[in-house]
There are 2 protein chains.
Amino acid sequence: MQESRKKKVRGRQGSVFTKEALMSAAAAAFADRGFDGATVEFIARKARVNKAMISYHFGGKEGLYHAILLSTFAPAVERMKALRDSDQPADQQLKQFVDLFAGLVARQPRFPAMMLREVLSGGRHMDEEILPLFLTVFSTVREIVAKGIRSGQLRSVDPLLTHLSLIGALVFYFATEPLRDRLFAEGKLPVVKQPPAAFVKHMQEMVARGLAAELPKDAPGSTGD
Amino acid sequence: MQESRKKKVRGRQGSVFTKEALMSAAAAAFADRGFDGATVEFIARKARVNKAMISYHFGGKEGLYHAILLSTFAPAVERMKALRDSDQPADQQLKQFVDLFAGLVARQPRFPAMMLREVLSGGRHMDEEILPLFLTVFSTVREIVAKGIRSGQLRSVDPLLTHLSLIGALVFYFATEPLRDRLFAEGKLPVVKQPPAAFVKHMQEMVARGLAAELPKDAPGSTGD
DNA sequence: GTCTATAGGCTGATAGAC
DNA sequence: GTCTATCAGCCTATAGAC
């Protein structure tokens with residue numbers, strides 16, 4: 001079976017495949033070790049690709065980092081906008097926001113940790129192309145909450161603080177999953193591990209109860225739309 | 001006034017002063033740039049101390065990092081234990097936990113970010129001395145919530161998920177404050193900046209509402225203990 | 001597009017003077 | 001305890017063969 005003809009076996013694996021392998025391996029490495037801790041040699045080894053490919057395809061380590069941010073934010077922002085502009089009550093939108101966030105994480109499991117590090121760095125690597133995308137995500141919850149308050153469906157909370165408490169809990173949860181898994185595996189957490197879906201549900205309940213408008217003394221229908 | 005006798009002017013500034021300056025500067029640098037990104041030269045410059053002092057006082061960069069974790073966790077753990085063992089209802093304890101957390105951050109503003117990076121790294125730098133302290137902090141909220149559920153004061157939530165949502169929001173908020181401040185300063189956040197106390201209050205309200213036991217149809221006193 | 005070999009720069013640590 | 005000078009190791013990037 002022509003084992004020797006490696007190039008043929010790999011097909012047109014080249015460019016696209018190599019680039020994706022590098023981006024995936026790099027996202028994990030940046031998440032685990034930070035920008036400076038993730039060496040190009042480590043990233044290339046994990047991606048099973050020659051390290052010179054990083055310069056060839058992305059113009060260097062910085063370019064690879066940037067490509068990951070852009071290719072992850074772009075589709076995420078589209079979905080966030082669609083949700084924000086959907087014609088639904090705010091409480092439904094917030095519930096769906098949590099689901100959407102979890103869905104995005106399922107596609108890019110290490111992105112929350114990588115992005116969290118970026119934010120901790122004061123956004124040092126976010127240029128004029130990335131920052132607007134980041135700010136759009138930043139505004140989604142805020143705008144949904146503001147709308148819910150205007151309509152009287154939610155109690156009068158600060159939209160920015162609400163955003164921070166919700167997205168903070170979500171990012172933290174998903175970004176820190178590797179350590180929890182390690183602690184579970186070593187028997188250092190004397191509780192049972194719950195799947196991510198349990199946390200999603202927990203957050204949806206906390207948000208629903210935490211933001212619900214105070215019930216009037218004895219109003220019958222605050223149920224429907 | 002004997003300006004030339006520097007050693008006299010500095011008094012017994014030596015050891016203690018130098019060590020504290022290094023730990024403070026290093027905590028900020030580790031928070032901002034990560035372990036690998038924070039070079040010993042940068043840390044020493046910020047501390048206005050010679051970089052050789054890092055090896056002399058802490059045995060190297062790693063030792064400095066470890067010393068910061070230990071000296072910050074030790075007193076924090078004591079306070080957490082005292083709170084957990086205090087004889088108060090769970091809802092009061094949770095409220096005070098948030099205050100306690102904010103108080104600790106006021107003393108060590110960059111520790112949340114540094115610790116968050118540590119967790120993102122899978123706890124790579126936490127040895128047998130640090131890990132138990134970390135796990136104690138990890139268990140405080142969990143145990144308070146478990147107690148509150150047993151007593152019927154809180155609804156039946158998962159204590160671990162509750163811990164993660166609360167501490168995740170808190171850590172995220174304080175760790176990411178520098179970026180928000182930058183965005184505010186650049187006019188990129190079209191909202192007014194709130195002081196940290198506002199977020200503390202927000203979290204306390206979210207927790208109180210999110211965890212409160214369902215009210216029985218018309219029970220008069222679910223107030224007292 | 002991929003790989004090897006290497007150049008050039010930066011980093012953490014420390015010997016030795018004070 | 002502090003400082004200067006120095007070094008070995010590691011890192012990113014790239015030239016050039018294939």
Side-chain angles (χ1 to χ4, degrees), chain A residues 3-30 32-68 117 121 124-125, chain B residues 2-30 32-68 114 117 121 124-125:
Chain A
E3 279 184 37
S4 57
R5 285 171 65 191
K6 269 199 178 175
K7 279 178 186 175
K8 192 60 181 284
V9 170
R10 287 175 134 210
R12 70 158 170 287
Q13 187 169 332
S15 185
V16 180
F17 225 71
T18 297
K19 284 177 81 164
E20 283 182 2
L22 279 173
M23 291 206 282
S24 173
F30 288 138
D32 279 357
R33 301 163 174 235
F35 184 82
D36 295 285
T39 67
V40 294
E41 186 176 351
F42 180 85
I43 293 168
R45 184 154 21 101
K46 288 290 178 190
R48 298 165 153 274
V49 156
N50 189 280
K51 71 172 182 167
M53 292 298 93
I54 290 173
S55 290
Y56 179 77
H57 286 293
F58 301 99
K61 188 185 186 178
E62 203 107 30
L64 171 55
Y65 186 91
H66 188 268
I68 296 168
R117 281 192 131 107
S121 299
R124 194 175 294 124
H125 300 278
Chain B
Q2 306 176 354
E3 278 186 38
S4 58
R5 285 170 66 191
K6 269 198 177 174
K7 279 178 185 173
K8 193 59 180 287
V9 170
R10 286 175 133 208
R12 71 158 169 286
Q13 187 168 331
S15 185
V16 180
F17 226 71
T18 298
K19 283 176 82 166
E20 282 181 5
L22 279 172
M23 290 206 284
S24 174
F30 287 138
D32 279 357
R33 302 168 172 231
F35 184 83
D36 295 286
T39 68
V40 295
E41 186 176 351
F42 179 85
I43 293 168
R45 184 157 18 102
K46 287 290 177 189
R48 298 164 151 274
V49 156
N50 190 280
K51 72 171 183 168
M53 293 297 93
I54 290 174
S55 291
Y56 179 77
H57 286 294
F58 301 99
K61 187 184 186 178
E62 202 107 29
L64 171 56
Y65 186 91
H66 188 268
I68 296 169
M114 176 176 163
R117 281 194 132 106
S121 299
R124 194 176 292 124
H125 300 279

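All chains are named by letter (A, B, ...) in the order of the sequence lines, taking the proteins before the strands, and each is independently numbered beginning at 1. Computed from a prediction, not measured in an experiment: that's the story for all the values here.
The distance from atom CZ of Phe35(A) to atom C1' of dC11(D) is 12 Å, rounded to the nearest whole Å. In this entry the distance linking CG of Leu22(A) with P of dG1(C) reads 13 Å, nearest Å. For Ile43(B) and dA13(C), the CD1 to C1' distance is 14 Å, given to the nearest whole Å. Nucleotide dG9(C) holds its P atom 18 Å from the NZ atom of Lys61(A), rounded to whole Å. Atom CG in Asp36(B) sits roughly 15 Å away from atom C1' in dT12(D) (whole-Å rounding). One atom, NE2 of His57(B), and another, P of dG12(C), lie 18 Å apart when rounded to the nearest Å. Here dG1(C) presents its P atom at 12 Å from CZ of Phe58(A), a figure rounded to the nearest Å. In this structure, the CZ atom of Arg45(A) is 12 Å from the P atom of dT12(D), given to the nearest Å.
Side chain of Thr18(B), nearest nucleotide from dT12(D), dT2(D), dG12(C): dT2(D). In this structure, of dT14(C), dT14(D), dG1(D), it is dG1(D) that holds the atom nearest to the side chain of Ser15(B). Nearest to the side-chain atoms of Ser55(A) among the listed nucleotides dT12(D), dC3(C), dT14(D) stands dT14(D). Considering only the side chain of Ala52(B), dC3(D) comes nearest among dC11(D), dG1(C), dC3(D).
A pairwise comparison of heavy atoms in Thr39(B) and Lys61(B) identifies CA-NZ, 4.4 Å as the closest pair.
Annotation: of the two residues near DNA chain C, Tyr56(A) and Asn50(A), the 5′-most nearest-nucleotide partner is Tyr56(A).
In this structure, Phe35(B) and Tyr65(B) have perpendicular ring planes: the angle between them is above 60°, well past the 30° mark.
With a 4.5 Å cut-off on side-chain heavy atoms, Arg117(A) and Arg117(B) count as touching.
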